[in-house]
2 protein chains.
Amino acid sequence: MNKEELKNLIKEAGLRVTIHRLAVLLAVVKAKQPVTVYELTEILRKKENIDQATIYRNLSSLHIAGILRRLDFNHGHAHYELETGTASHQIVCGKCETIEKIEGVSIDNAIQKMIQKSKKFKNTTTHSIEVYGVCKACV
Amino acid sequence: MNKEELKNLIKEAGLRVTIHRLAVLLAVVKAKQPVTVYELTEILRKKENIDQATIYRNLSSLHIAGILRRLDFNHGHAHYELETGTASHQIVCGKCETIEKIEGVSIDNAIQKMIQKSKKFKNTTTHSIEVYGVCKACV
DNA sequence: TCCTTTATGCGAAAGATTTGCAAATACAAA
DNA sequence: TTTGTATTTGCAAATCTTTCGCATAAAGGA
Ligand SMILES: [Mn+2]
Ligand SMILES: [Mn+2]
Ligand SMILES: [Zn+2]
Ligand SMILES: [Zn+2]
């Protein structure tokens with residue numbers, strides 16, 4: 001995902017391509033893990049002169065537009081990552097705040113079964129699995 | 001899970017069985033969905049004279065003891081349910097705050113694969129799947 | 001360039017959770 | 001049953017996270 005592609009994502013969502021919005025999106029995409037507002041503030045305040053409220057508003061608009069995914073991990077604060085498709089699988093340490101993203105494992109069958117069993121939902125868009133444990137560093 | 005069994009859970013965790021702690025646990029267990037602090041406050045303030053801080057502290061101690069599971073659902077506040085085993089599977093509406101618990105779908109194979117792929121974790125304890133979509137009422 | 005809508009900065013407010021401290025309570029030992 | 005000590009609670013204040021109001025600035029189509 002290069003800068004031009006990200007610009008197009010924003011445009012296609014009907015949002016305006018501002019310096020700050022692009023910078024927020026770029027920072028989320030560059031991060032190796034789902035990134036918090038606190039971390040984004042650190043990253044962006046150095047280069048840009050960007051207000052905290054602007055970060056929150058852009059994360060929100062990009063999330064509503066379906067460009068970003070929001071994850072909480074039961075940390076009491078939000079984390080964001082690029083909404084790439086339908087799945088986001090992570091292992092989360094219950095002691096420290098380590099998160100490890102795991103790719104390449106599908107649970108599509110299980111999701112289909114869940115939708116079949118559901119009474120309130122006809123179909124779904126995305127899903128996330130959080131597997132909890134204690135990481136090697138914390139054992 | 002009756003009151004005596006819950007008392008034993010608390011004792012086995014090395015915690016003291018106080019009226020408030022038992023009331024909090026009982027209220028969580030009785031709820032049909034993962035319950036929020038706000039809801040617990042409403043429920044418990046009527047019968048008991050219990051402070052908000054006491055609710056938070058008991059939810060925390062019961063969670064740390066492994067008796068309660070905490071779930072956020074990206075709502076910006078915590079929800080709690082009884083920690084029954086290893087899995088908690090929900091479908092969550094992205095518009096309203098509807099949550100539907102789905103039971104009877106296993107993803108143990110996928111979890112095993114995730115642990116195999118992990119570099120930071122040797123084993124794990126619990127997991128949750130949140131499937132996101134828009135519920136029939138919100139479509 | 002002009003116009004209208006959308007985005008931003010700033011400060012304040014709201015919502016969620018945690019903390020310090022003194023008083024009350026649980027419960028094991030005597 | 002009484003006593004002693006560690007845990008729990010109430011209360012108020014603090015902290016952390018997120019949202020909002022409003023005036024100004026910027027985006028982007030006409
Ligand atoms: Mn975090
Ligand atoms: Mn909720
Ligand atoms: Zn850890
Ligand atoms: Zn809904």
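Lettering follows sequence order; numbering is per chain, from 1.
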Would you say [X] has more than 12 foreign heavy atoms packed within less than 6.0 Å of its [atom1]?
X	atom1	result
B:Lys122	NZ	no
A:Asn49	CG	no
A:Lys7	NZ	no
B:Glu5	CD	yes

- Message: Regarding B:Gln52 and B:Thr41, do their side chains bring together a donor and an acceptor under 3.5 Å, going by distance alone?
- Response: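 Yes.
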
- Task: Verify whether one side chain among B:Glu83 and B:Thr126 offers a donor that lies under 3.5 Å from an acceptor in the other.
- Result: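 Side-chain D/A pair, B:Glu83 to B:Thr126: absent.
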
Whole angstrom is fine here: how far is it from [atom1] in [X] over to [atom2] in [N]?
X	N	atom1	atom2	value
A:Glu42	D:dT17	CD	P	12 Å
B:His79	C:dA16	NE2	C1'	12 Å
A:Gln52	D:dC16	CD	P	12 Å
A:Ile50	C:dT8	CD1	C1'	9 Å
B:Tyr80	C:dA16	OH	C1'	11 Å
B:Glu97	C:dG15	CD	P	13 Å
B:His75	D:dT17	NE2	C1'	17 Å
A:Leu59	D:dT18	CG	C1'	11 Å

- Query: Where along nucleotides 19-30 of chain C does protein come under 4.0 Å, by heavy atom, of base (B) or sugar-phosphate alone (S), with - for untouched nucleotides?
  - Reply: BB-----BS---

- Message: With a cut-off of less than 4.0 Å, is there a side-chain N or O of A:His77 near OP1 or OP2 of D:dT17?
- Response: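 Checking A:His77 against D:dT17: at least one side-chain N or O falls below 4.0 Å of OP1 or OP2.
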
- Item | Under-4.0 Å side-chain N/O to phosphate OP1/OP2 contact, A:Tyr56 with D:dT19 |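 No, outside the criterion.
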
- Query: More 5' along DNA chain C: B:Ala78 or A:His20, using each one's nearest nucleotide?
  - Reply: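 Its nearest nucleotide being more 5', the pick is A:His20.
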
- Message: Is it the case that the side chain of B:Glu48 and the backbone of B:Ala23 share a donor-acceptor pair, with hydrogens and angles ignored and the cut-off at 3.5 Å?
- Response: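 The answer is no, because no donor-acceptor pair under 3.5 Å joins these two groups.
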
- Task: Spell out, as yes or no, whether a donor-acceptor pair under 3.5 Å connects the side chain of A:Ser60 to the backbone of A:Tyr56.
- Result: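 Not at all, since once roles are kept as given, no pair shorter than 3.5 Å links the two residues.
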
- Item | Within residues 61-74 of chain A: residues closer than 4.0 Å to DNA chain C (heavy atoms) |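 Result for residues 61-74 of chain A: none.
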
- Which word best sums up how the rings of B:His79 and B:His75 line up, parallel for under 30°, tilted for 30 to 60°, or perpendicular for over 60°?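 The arrangement is perpendicular - the two ring planes meet at more than 60°.
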
